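Structure, as structure tokens:
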Amino acid sequence: MRFISLQSGSSGNCLFVESGETRLLFDAGLTGAQTEQRLAALGIDINTIEAVILSHSHCDHTKGAGVLLRKYARPLWMTGGTYHHILAMRKVGQIGTPHFFRPEATLQFGSLTIETIPTMHDAPEGVCFVVDDGKKRLGIMTDLGCRFGALKEAITTLDGILIESDYDPVMLKNGPYDKSLQDRIRGSKGHLSNRECAELLRDAGRKLRWACLGHLSGNNNTPELALETHRQILGRKLPLYVASRRETSPVLEL
Ligand SMILES: [Zn+2]
Ligand SMILES: [Zn+2]
């Protein structure tokens, strides 16, 4: 299984997973043109993407979804809650009739099985994912809200993970956001801090071969600070990567 972050963070999320002939995108937070170009730079034709699966409705995960459907005819998959919220926000344009799944549903695309796990994040019927190719299990886990039981349980089964390490609490407190936005981010329906993320990884299963930190805040975190906090809690053993907020990150394999 190959995993590539085309971008991860509050300005746009789009993640590529490939196994054998099966190619999927998780989230559509880049423009259609950016998605096409970044895939092309990796030698991947956007028309070979079998499905685009959305985690939740927020713009940083969905703003390119309409174009991926209308211009590239890529099938969109989402929960009913995501669909209705996207329509209500009126920022994505027409998305036709997508393929729906229930939170907690298991999806199958070629050799890949996708388990969907409801999150506590403040979007209707938002989910995170475990991608299973029959041999290895990859977690795609951002916009989580808090560290809920099903999340912790899933993490113990993983071989690799892209996980949100959104903010440093001191930077958030001293940063540009007003109190209500700060409260939203650190609340139980917001995002995970560097420390919260690192503690989850500390309790992960023995199989975990690497972790890629994602969804870093541009205002309230830096890659250096995120890595420092993780190293303090995890030591040196686990290979750690940080997904870029602006560009494609290196290929990670399982
Ligand atoms: Zn997000
Ligand atoms: Zn979100």
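Heads up: numbering here begins at 1 and tracks the sequence. A quick note: this is a predicted structure, and the numbers were derived from the prediction, not measured. Order of listing sets the numbers, starting from 1, for every ligand and every atom in it.
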Note: K152-D203 ion pair, threshold 4.0 Å (strictly below): no
Proximity of H215 and H61 rings by center, below 6.0 Å: yes
Those residues that, when tested against E199, pass salt bridge (Lys or Arg N to Asp or Glu O under 4.0 Å) (two or more places apart): R147, R195
Stepwise ring pair (Phe, Tyr, Trp, His ring centres under 6.0 Å) check, F3 with F16: CA-CA 6 Å; F3 166 79; F16 171 83; 9.0 Å; no
Proximal protein heteroatoms (N, O or S) of the Zn ion (ligand 2), under 2.8 Å: H56 NE2, H58 ND1, H121 NE2, D143 OD2
Taking distance alone, no hydrogens or angles, what donor-acceptor pairs closer than 3.5 Å link side-chain atoms of residues 66-73 to residues at least two apart or in another chain?
residue	atom	partner	partner atom	Å
R70	NH1	V92	O	3.4
R70	NH1	Q94	O	2.6
Y72	OH	E36	OE1	2.6

Partners passing ring-ring contact (aromatic ring centres under 6.0 Å, His included) against F100 (at least two apart in sequence or in another chain): Y83
